[in-house]
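Quick notes on the structure that follows.
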Amino acid sequence: MSTTWGIHNDQIPASDLVAGGFISIGWDEIPDIREIGNDRAALKAALAEQNPDAKPGALPVWAGVLRRFAFEMADGDLVVAPSKQKPVFNIGRVAGPYEHHPEQPEHQHRRPVEWVVLDAPRPAFTQGALYELGSAMTLFQVSNHAEEFERAVAEGMPALPPASAAQTRMRYGLIARTILEILRDHEVVPRREVLEEVPRRVELTGFELEKTKNGRPRYQTAIGWESVNLVAAQWIEKTSEGWRLTEEGRRVLEKTPENVDLSRTSSAIYQQVQEARREKTGRFRTDRYPLIDAAVSLITEGQWITYSDVAAVVGSNASAVGEYLHSEAIGLEGSHRVVPAGQPPSRPESRDALQAEGVQFDAKGRPDPRQQVRAEDLREEMDQLALLPAVPRRAWMVRGSSVSGKDLVPGWIEGGQVSLPATNLRTVSPGATRDDLKLIVEEDYAHATYDVRVEKLDDFHAFLTRMQDGHLVVTVDGGKLFLGTLTEDFRRSQASAGGSVLVRGVSWADADGLDLDDVPPSLATRLKVQRDVVDLTQQLETIEGLLDAEEEKTPPPVVEELTLRDASPELAQELHVPQTWLQECIDLLEDRPQLIFYGPPGTGKTFLAQAVAKHIAGENVRLVQFHPAYSYEDFFEGYRPQEGGGFALKPGPLRKVVSQAKENPHDAHVLIIDEINRGNLAKVFGELYFLLEYRTENVELLYADEEFNLPENVFIIGTMNTADRSIALVDAAMRRRFSFLPLHPSEEPTNGILRSWLSAEGRPRRVADLLDELNRRIDDPDFKIGPSYFMRSAVHREGGLERTWRTSILPLLEEHHFGELDARAVRSRYGLEAVSATVDRTEDPTDASTRTH
């Protein structure tokens, strides 16, 4: 019984194998295998002698391949050879014994084959067979799906029906005309009814009815797309009640013959309108902005999407998308359907418009996630409309300042190129899929550790496939940033130190480069990521601005630093604290973006933290409270159980704040940590502790395979109760990373808060006199009583002061003097009667405003 074998050959094209009637393998350093013999140990020894640097685990695998090729394969065995040049298999039968061809420059170990089935398409086989043929081994036995390949040889390949061009094309002209006809027959038609009416009037093809990954039929996507063009052409108008045909639309419908494609005309008008708007602004001229137009146009009534998801699909960044959509000159229809991630819409009118379209909101004003269009959904729709390039424009960094101890960058600049070491990688053509590369890397780098293979796979896939002509590329050397544009040129060349390198052509903007000091911090931080190839698309707009400056010989764009709002007199009046003190808080945050308010209970630490945070960051404020059981997984990210079983990595408060801050880099974002000293800070912050002091650096995360940094627009305000723990006992590393502001009842600003509040409320100042006298009797400053106990209306009703004193103040002081004074002694010293008697004796009898009635 014959055996079926699978064999991978990446050195010799499939057409040459078929023309020559053979299969082959490498290891040309090994002479005629017959001279070594059918002895795996001897083959292993020969391989070890010729490959002294090979990992021990690779040698048995190589020896097994050589032995099977020379001695196990038999005449009549079936051979399946996947082609690397196109998605087909060639199938043949072994037609003779092993042969050694030392005259050949490569792949000298060969066997004759009679090829029987040529160019068998992959879709003709089951997915299981495809997976089995995807083995990482050079030569392997096909066992589970051998009968499929035997059947192909015995019966021939079944003919795959060709797809009809008419069946796989959306008829946009028909869709546009049908929309106009529906509106002509009715005064106003809601969008939902248009979707229902079109398939009643038109016999749609299977392609048009087919549902895409987002579950929506293709024709519905086309209706939404065409409606935007029809509005731009002023043939229809959209109102809160529905769609309406305009007089111009009626005229066009009546005067235009049936064979004229109306969608071409309306689409051209839409493009002209948008181009005119962009030209008028003098900005937004790069090729990404028409993609944003198209993306937003596909978000229909009752749906919403985030800035970051639009950016991910069109190859931009969230801030650029937001700036474009909020430009009044552009006036893009549907821009209200794009909102910040994890937040309410940035403008009240956007929420009103979404609500009118049926979008629901939660108690915090965030839109219903069930109505969200995800990045994958949008990408699918834009792909089906052929709106996206094969790979959106991207930006890349390739490292070359230290490669095997050499600085390659000067040679790159002079030669117009970048390169990537590929010492052990076989010949692979540009455009290889990630799945194909994974199999190759696993075999060619079998000697490397798993993490190295993963990194190599990422780098090779990016360099060979994802990087394309027109993408931007940067590299760093000697304190300089060099910027350029990738060209179509790709080649593989020999490295001077042995092995080979992959080379791509680059048109460099300037041989002198740009000083790294002129690079914005967000980009400078990403440039420190320690990978050979780094995707910098998130910084694409920044890099484009720098490239434009280099090419035009103008100064780099000025980096706009985030400036916090100054303290206002109105805020000071509202909080009953001096404006100068509030301004000091803000100045401290600008100098070092971590601040802690500390003091005894009742001094308003949390209240002031929230007020300051809201003043500088608006609604971009999150609050979390630490406690002894709080952990890194709670604070940053960790695995959490899912409803259906298993675990998923879930973000914590800090991770969420950072994500929002990176999406909106021009806005301040504040995380308030209440009772920060109650948590085990070293445990909670983990590796993030480093970033509190070094915002422009990266750290590797505990649970995510990425390098992470804290953006400069993230601020942390903590509160600390000194009755629980003295600041002197706080970890020295934490004290070095935070600024500390005291809030003590006997010191400014706390000592004047209650008196100011009483005056603003029109209440007698006697309560403030009582508090001052009480605190004079307390020796320990960390146990003095704060004003917030008395800044509640209930305290100033009949019996309220006595009740508050008895139930809130005295228990604190009894605890403070536990073991020193009993309850009677505490009441005698701090009780309301004792304190009142002292205040009454010192009260000015002529000042009637101080008396209670």
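Index from 1, following the sequence. Computed from heavy atoms alone, side chains included, the values below leave out hydrogens, waters and symmetry copies.
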Point-to-point distance, once rounded to the nearest 0.5 Å, from OG of S335 to CD1 of I292: 11.5 Å

A567 backbone acceptor or donor facing Q579 side chain under 3.5 Å: yes

4.5 Å side-chain heavy-atom contact, Q372 and Q303: no

CG-OG distance between L588 and S739, expressed to the nearest 0.5 angstrom: 4.5 Å

Flag, side chain of H336 to backbone of P345, donor-acceptor distance under 3.5 Å: no

Separation of I716 CD1 from L654 CG (nearest 0.5 Å): 6.0 Å

Flag if over 12 foreign heavy atoms under 6.0 Å of CD, E619: no

Beyond-backbone contact of I717 with L589, side-chain heavy atoms, under 4.5 angstrom: yes

Heavy-atom side-chain contact between H615 and R565 under 4.5 Å: yes

Pairs of donor and acceptor atoms involving the side chains of residues 519-526, under 3.5 Å and at least two apart or interchain, shall be tabulated with distances.
residue, atom, partner, partner atom, Å
T525, OG1, P521, O, 2.9
T525, OG1, T696, O, 3.3
R526, NH2, D535, O, 2.9

Backbone of R695 reached by a side-chain donor or acceptor of E712 within 3.5 Å: no

Donor-acceptor pair between D587 and Q583 side chains, under 3.5 angstrom: yes

Passing candidate, side-chain contact (heavy atoms from CB on, under 4.5 Å) with L710, options V699, L688, V657, L692: L692

Salt-bridge criterion met for K528 and E697 (N-O under 4.0 Å): yes

Exam field: side chain T537 to backbone L540, donor-acceptor pair closer than 3.5 Å: no

Main-chain N/O of S631 paired with D634 side-chain donor or acceptor, under 3.5 Å: yes

Side-chain donor-acceptor pair present, Y324, D293, cut-off under 3.5 Å: yes

Presence of salt bridge, D368 and R370, under 4.0 angstrom: yes

Those residues that, when tested against F361, pass ring-ring contact (aromatic ring centres under 6.0 Å, His included) (two or more places apart): none

Geometric cation-pi criterion K662 and F708, 6.0 Å radius, 45° cone: yes

Side chains of Q625 and D674, donor plus acceptor under 3.5 Å: yes

Pairwise distance CD1(I672) to CD1(I676) - rounded to 0.5 angstrom: 12.0 Å

Salt bridge (charged side-chain N to carboxylate O under 4.0 Å, His left out) partners of K683, counting only residues at least two apart: none

Verdict with reasoning, L536 to V473, per side-chain contact (heavy atoms from CB on, under 4.5 Å): CA-CA 9 Å; L536 296 180; V473 65; over 6 Å; no

For Y632, ring-ring contact (aromatic ring centres under 6.0 Å, His included) partners two or more places apart: F636

Which residues share a ring-ring contact (aromatic ring centres under 6.0 Å, His included) with W304, sequence neighbours left out: none

Polar side chain donor-acceptor pair, T542 to Q539, under 3.5 angstrom: no

N/O donor-acceptor pair under 3.5 Å between T722 side chain and Y598 backbone: no

Check: N713 side chain, D667 main-chain N or O, donor-acceptor pair, under 3.5 Å: yes

From CA spacing to verdict: ring-ring contact (aromatic ring centres under 6.0 Å, His included), F626, F635: CA-CA 9 Å; F626 278 8; F635 182 56; 5.4 Å; yes

Short N-O contact, R337 and E357, less than 4.0 angstrom: yes

Contact check, side chains of R453 and L457, non-hydrogen atoms, under 4.5 Å: no

Check: E707 side chain, Q530 main-chain N or O, donor-acceptor pair, under 3.5 Å: yes

Donor-acceptor contact present, side-chain R592 to main-chain R736, <3.5 Å: yes

4.5 Å side-chain heavy-atom contact, C585 and L741: yes

Over 12 non-hydrogen atoms of neighbours within 6.0 angstrom of CD in Q573: no

F738: partners by ring-ring contact (aromatic ring centres under 6.0 Å, His included), with sequence neighbours left out: none

Expected output: side-chain H627 to main-chain Y630 donor-acceptor under 3.5 Å: yes

